[in-house]
Amino acid sequence: MNGNTFLKVIAIDGPAGSGKSTVAKMVAEKMNMRYLDTGAMYRVVTFYLIKTGFFEGGAIDIHSALIGIKLDFENDRIFLNGKDVSEEIRTPMVDTKVSYVAKQEEVRAFLTRMQREIAERGNVVIEGRDIGTVVVPEAPLKIFLTASIKERARRRVAQLRSKGIEVDIEKMKREIRKRDEIDSSRSLAPLVKSKDAIEIDTTTLSIEEVVDKIVRLAKKRFKEHGRDVG
Ligand code: CDP
């Protein structure tokens, strides 16, 4: 990718429960852009490893697992070897294992390559942990979403409850803290705010307020880069 080429990409990073997925999807819709959830990609790899017995000391290693994985996307749905697994990857079981999987160098190399290819086609809102820092450092707009741990745990518990899964709020706080800790302290592509990212604390903001803010910033940035996105 040439550093001088304008890439119409909005990078949205932040910790669990900061509102990335909901906000990124809505921004994409409003801006008529595509949407890519990179967390879902790490979740699919984790899901596959769980299914193949990796965590019980099964025969499969990460390298062979990655060879057996074919990912496809359709709007906000993700497909593993042709099967829609968008719901199955969002379980507490995957939550507890995903940050371990996301630390693995081979997994990051495999998924980062795929994410860059998608970014290079442009016109896409990409959300994750390392989009502004590693995957698309040249993105003209980088957002870093945060919220208090209490609010993030509350949102995640409500989200799971709507799917019929009950989780205790204190347990959720511990789980989120642990995941934040692993994600922020890993040596490869840790969760950190890119220097040129705009931080938005969403603790007391409505989804619409956050979306409007980002859409306004995006229109301004894209115009500054010589493109009128209307
Ligand atoms: O939905 P939530 O924010 O809880 O998580 P997610 O976005 O689905 O991401 C799940 C996990 O994948 C994170 O906790 C990270 O360990 C990992 N991840 C990553 O390492 N890099 C990314 N670009 C996106 C996710």
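Read the numbers this way: they start at 1 and go in the same order the structure lists the ligands and their atoms.
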Going by the closest heavy atom to atom 25 (C) of ligand 1, which one wins out of Ala24, Pro15, Gly39? Gly39

On a heavy-atom basis, which atom in Ser194 and which in Asp196 lie closest, and how many Å separate them? OG-OD1, 2.5 Å

If you measure from atom 20 (O) of ligand 1 to every heavy atom of Lys97, Arg129, Arg108, Lys178, which option wins on shortest distance? Arg108

Of all the non-hydrogen atoms in the protein, which one sits nearest to atom 23 (N) of ligand 1, and at what distance? Asp130 OD1, 2.8 Å

Say whether, by atom type as modelled, one donor and one acceptor occur between the side chain of Thr52 and the main chain of Leu49 under 3.5 angstrom. yes

One finds that the ligand 1 atoms under 4.0 Å from a non-hydrogen atom of Gly128 are 23 (N), 24 (C)

Please tell me whether Arg155 and Thr22 have a donor and an acceptor in their side chains that are separated by less than 3.5 angstrom. no

among protein heavy atoms, the one nearest atom 17 (C) of ligand 1 is Ala102 CB, 3.7 Å

Heavy-atom check, side chain of Val101 versus side chain of Phe47, under 4.5 Å: no

Residue and atom name of the nearest protein heavy atom (relative to atom 24 (C) of ligand 1), distance in Å to one decimal: Thr38 OG1, 3.4 Å

With heavy atoms of Asp183 as the reference, note each atom of ligand 1 found under 4.0 Å away. 13 (C), 14 (O), 15 (C), 16 (O)

Candidates Arg90, Lys103, Arg156, Gln104; heavy atom nearest atom 1 (O) of ligand 1 found on Arg156

Is it the case that the side chain of Arg108 and the backbone of Ala102 share a donor-acceptor pair, with hydrogens and angles ignored and the cut-off at 3.5 Å? yes

Determine whether the side chain, the backbone, both or neither of Arg186 has a heavy atom under 4.0 Å from any heavy atom of ligand 1. side chain

May I ask you to identify the nearest protein heavy atom to atom 8 (O) of ligand 1, giving residue, atom name and distance to one decimal place in Å? Arg43 NE, 2.6 Å

Tell me whether Lys142 contacts the main-chain N or O of Gly132 through its side chain, where contact means a donor paired with an acceptor under 3.5 Å. yes

Under a 4.0 Å threshold between the charged nitrogen and the carboxylate oxygen, would Glu151 count as salt-bridged to Arg154? yes

Identify, for atom 10 (C) of ligand 1, the protein heavy atom at the shortest distance, and state residue, atom and that distance. Arg179 NH1, 3.5 Å

For atom 3 (O) of ligand 1, the closest protein heavy atom turns out to be Lys20 NZ, 3.1 Å

Between the side chains of Glu88 and Lys83, is the shortest nitrogen-to-carboxylate-oxygen separation below 4.0 Å, so that they form an ion pair? yes

